[in-house]
Number of protein chains: 2
Amino acid sequence: MRRATVYDVAERAGVSIATVSFTYRQPNRVRESTRRKVLAAARELDYIPSANARGLAKGRTGVLGLYSFDLLLEHPLGQGNPASDVGLKSDVDSDLDGAEPNIRAYPLYVDEVQRGFELECWHQGQAVLLSSSDDGKRGESITDLAGRVDGLALFSWGESPEALKRLAKTIPVVMLSQSKGDLPVMYLSFDNESGMNRIVDHLVDVHGARRIVFIGTLDFPEVGVRLDIVKRRVHKRGLPACRPIDAVLDHRVLYQALAHVVREDKLPDALVCANDQMALSVMDVLLDLGIRVPRDVIVTGVDGILAGRFATPALTTVQLYMERLGRLAADSLAERDGQPWKEPRSAMAPARLVVRESCGCHGQAV
Amino acid sequence: MRRATVYDVAERAGVSIATVSFTYRQPNRVRESTRRKVLAAARELDYIPSANARGLAKGRTGVLGLYSFDLLLEHPLGQGNPASDVGLKSDVDSDLDGAEPNIRAYPLYVDEVQRGFELECWHQGQAVLLSSSDDGKRGESITDLAGRVDGLALFSWGESPEALKRLAKTIPVVMLSQSKGDLPVMYLSFDNESGMNRIVDHLVDVHGARRIVFIGTLDFPEVGVRLDIVKRRVHKRGLPACRPIDAVLDHRVLYQALAHVVREDKLPDALVCANDQMALSVMDVLLDLGIRVPRDVIVTGVDGILAGRFATPALTTVQLYMERLGRLAADSLAERDGQPWKEPRSAMAPARLVVRESCGCHGQAV
DNA sequence: CTTTAGAATCTAAGCGCATAGACTATAAAC
DNA sequence: GTTTATAGTCTATGCGCTTAGATTCTAAAG
């Protein structure tokens, strides 16, 4: 049984297909009585307009696309959970054990950005098309997605810059969490500058800190950016230069690094961590080392994850407004109405200092 | 500048448009050398196939749809946060304060189901179209969504049953978290039966419980279902009939209800709660009442939220595999390839007993 | 060199809608 | 009664692709 089309509805209502179309798209051009006839016919035939045909005719789809990371299986909810990655078929009960999600990852960066993107799209009356690929067909699936939408937001870009350049000539593209570049796309990132500056200022102004050490996995671009900002601010405030510690999220490695610092009796006033997960790990290690936070040393993070609120002491951090980033992306794309940018553009989502206990304050907002 | 089409590519490559199409869709029908010519031309012209035109020609979109709740603004991440609901324009800093997310809601039901849906779609090479509505245009936006996809999953249905019936005649529809009904759709729910039975059996067999009381907001359909199962099992095991307590997630109300029970000296062996949030609240109240869990009374939940793991004592519960529910939905829809179901169907996602401390065990899985 | 099966390519039609521009009905103005 | 402006409706076309069926090319067999 074929789906009903405008032709069926038109015939049944005794009008032309144009009138059917107008009934939906420009109702005020159709006489009230006619409109009712058409809608009745449509209801009787279970008519649902084909978005494909509409999109083809209008040259616009009314959909914005978001391309997620490939490795979504590394999501903390799916991690190591056989139920997650074996597909649906091996449905036996014994598959259902597995690692429980890692609370230190909530709320997840990607998910929050995605949520903001969705909300803003709906607010604008656009639908959201999500895509990703779990096998190697990344390039193909991005192209496929691009063919379906009026604008595209990407979390990362693994292919050649030429391919992205070509894509960006055809539809508007937003690069999420990349602060700048020279392709004609919209680069969206967080306001790391003001966030990190506010941390340093707070440490100096309120807590009189002088020796500030930065800890992070330095080969992550975002981390490098934050380090540079801290360095500059520390210098501007007339403090001794900020030494970075290059570390990874591994208890043993962190332990050695920090034990070294302690042994040398060079404990700084504050350990500014590149993100909250690092900060929480650092606090774990300091606990093991018998060093009290914030009394012996201040610890701060960046991100604003849930676990930071419930840590002891509660983590002072820079809250990044992930949802805002997503909304910005959707809003920017919707505004273009399918027109690619001609020049590189960039914008930032806000970052805000949240003062809790790990700096020595008692949880007031600043 | 118009987007390139098959015609442009065909002309540039010196072939017909059919050959261009074959190059992408049936590459083995095209000679290697020709294929290369075509792909080169396509690259030079930044050609991206129009999914609209393809969908129109093939009568299939390759997209599955998920319609979320209307009130996504009630999401715990957005709750009360002005940054969330005022739209993007009022971008001043002072907007950024607001309630912090409620940890007791994680991981959120909807999000996990959605995630499963996405993963399974990608696994099947389908894109995912999400939609929702923040104003009153629910009906329209569902129809719009339906016109864009080969299959549709719905969290709930607020409109008339007739409208849903009509929808279900046109494309395959999955109703999430509704166990049965008589429309020709796929009803998907959790295996409450085996989950609740296992709880009761565990309480009886391992902890020798006899007096079991069920607590929940009884006018939620899901809660009613669970209560009935517990009642039946309790009866089957030869225990005294299971009394339900109708309660809401409000500390004061819960306090009064439980204080009453305590005053009457009728504390049961176990309080089986309809879900984890209720269980956590019950444990809060019991603490206030000076009643120890699990020594004085056993408490159990249903859901498997994160907060249950970190509660003291850790919550014994029935873990519902939300992601599985989402995967099931996507898988069922993909299988239909656009063909609506003719008869009502139903399926269940697994539910599994997770034994932790609140029943008196020490965290072993069962 | 001719025949012929099969591979490669092409021609032509149609998918369901939107909309410009043509046409008709209606009503107000003359 | 005629003219004219306007609202209402229709005809006709094109959006970019897929694919059945027609046509042409290729190469092995005779």
Side-chain angles (χ1 to χ4, degrees), chain A residues 1-39 41-42 45-63 143-144 146-150 170-171 338, chain B residues 1-39 41-42 45-63 143-144 146-150 170-171 338:
Chain A
M1 192 182 69
R2 253 181 60 263
R3 268 157 81 146
T5 72
V6 271
Y7 296 98
D8 305 320
V9 175
E11 190 181 345
R12 177 137 195 161
V15 298
S16 75
I17 62 162
T19 302
V20 175
S21 182
F22 288 149
T23 298
Y24 287 94
R25 310 304 160 200
Q26 307 177 46
N28 52 332
R29 277 185 66 172
V30 178
R31 187 181 306 158
E32 169 69 18
S33 59
T34 313
R35 203 188 317 159
R36 275 209 302 272
K37 269 194 310 187
V38 170
L39 291 177
L45 296 172
D46 303 325
Y47 171 64
I48 293 178
S50 152
N52 279 328
R54 181 138 53 97
L56 183 55
K58 296 204 56 160
R60 207 108 303 162
T61 67
V63 179
T143 306
D144 180 86
R148 298 176 179 281
V149 298
D150 296 333
T170 307
I171 59 170
Chain B
M1 193 184 71
R2 254 182 58 264
R3 268 158 80 146
T5 72
V6 272
Y7 296 96
D8 305 318
V9 175
E11 189 181 347
R12 178 138 195 161
V15 299
S16 75
I17 61 164
T19 302
V20 174
S21 181
F22 288 151
T23 298
Y24 287 95
R25 311 303 160 202
Q26 309 176 45
N28 52 332
R29 279 184 65 172
V30 177
R31 189 180 304 159
E32 169 69 20
S33 59
T34 314
R35 203 188 315 161
R36 275 208 302 271
K37 270 194 309 189
V38 170
L39 292 177
L45 296 172
D46 304 325
Y47 171 63
I48 293 178
S50 152
N52 278 328
R54 181 137 55 98
L56 183 55
K58 296 203 56 159
R60 208 110 302 164
T61 67
V63 180
T143 305
D144 181 86
R148 298 175 178 281
V149 298
D150 296 333
T170 307
I171 58 169

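In what follows, chains carry the letters A, B, and so on, assigned in the order in which the sequence lines appear, proteins first and then strands, with residues in each chain numbered from 1.
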Working for side-chain contact (heavy atoms from CB on, under 4.5 Å), residues A/I171 and A/D150 = CA-CA 7 Å; A/I171 59 170; A/D150 296 333; over 6 Å; no

ask   = Would you call B/D144 and B/R148 a salt bridge, using N to O less than 4.0 angstrom?
value =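 Salt bridge: yes.
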
ask   = In terms of side-chain geometry, is the basic nitrogen of B/D8 or B/R2 positioned less than 4.0 Å from the acidic oxygen of its partner?
value =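 Result for this pair is yes, salt bridge flagged.
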
ask   = Rounded to the nearest 0.5 Å, how far apart are CG of A/L56 and OG1 of A/T61?
value =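 Rounded to the nearest 0.5 Å, the CG-OG1 separation comes to 11.5 Å.
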
Please confirm whether the shortest side-chain N or O distance from [X] to OP1 or OP2 of [N] is below 4.0 Å.
X	N	answer
B/S50	D/dG16	no
B/Y47	D/dC17	yes
B/T19	C/dC10	yes
A/Y24	C/dG16	no

Could you state the atom-to-atom distance from [atom1] of [X] to [atom2] of [N] in whole Å?
X	N	atom1	atom2	result
A/N28	D/dT6	CG	C1'	14 Å
A/R25	C/dT19	CZ	C1'	13 Å
A/R3	C/dG14	CZ	C1'	17 Å
A/Y7	D/dA12	OH	C1'	10 Å
B/K37	C/dC10	NZ	C1'	13 Å
A/F22	C/dA18	CZ	P	9 Å
A/E32	D/dT9	CD	P	11 Å
B/R35	C/dT9	CZ	C1'	14 Å

key: Nearest-nucleotide 5' precedence on DNA chain C, B/L56 against B/A18   =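 The residue mapped nearer the 5' terminus is B/A18.
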
inquiry  = Taking the nucleotide of DNA chain C with the nearest heavy atom to each, does A/T5 or A/R29 sit closer to the 5' end?
reply    =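 Nearest-nucleotide comparison on DNA chain C picks A/T5.
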
task = Hey, which sits more toward the 5' end of DNA chain D by its nearest nucleotide, B/R31 or B/I48?
result =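 Per heavy-atom nearest nucleotide, the more 5' residue is B/I48.
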
ask   = If you find the nucleotide of DNA chain D closest to B/A57 and the one closest to A/S16, which residue's nucleotide is nearer the 5' end?
value =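 Looking at the nearest nucleotide for each, A/S16 comes out on the 5' side.
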
key: Pair A/Y47 and A/Y24, ring centroids less than 6.0 Å apart   =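 Yes, ring centres under 6.0 Å apart.
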
query = What nucleic acid atoms does A/V20 come within less than 4.0 Å of, heavy atoms only: base, sugar-phosphate, or nothing?
reply =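 The residue A/V20 makes no contact with any strand.
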
Nearest to side-chain heavy atoms of [X], which nucleotide of [options]:
X	options	answer
A/R54	D/dT19, C/dA18, D/dT9	C/dA18
A/T34	D/dG8, D/dC17, C/dT9	D/dG8
A/I17	C/dA8, C/dA18, D/dT18	C/dA18

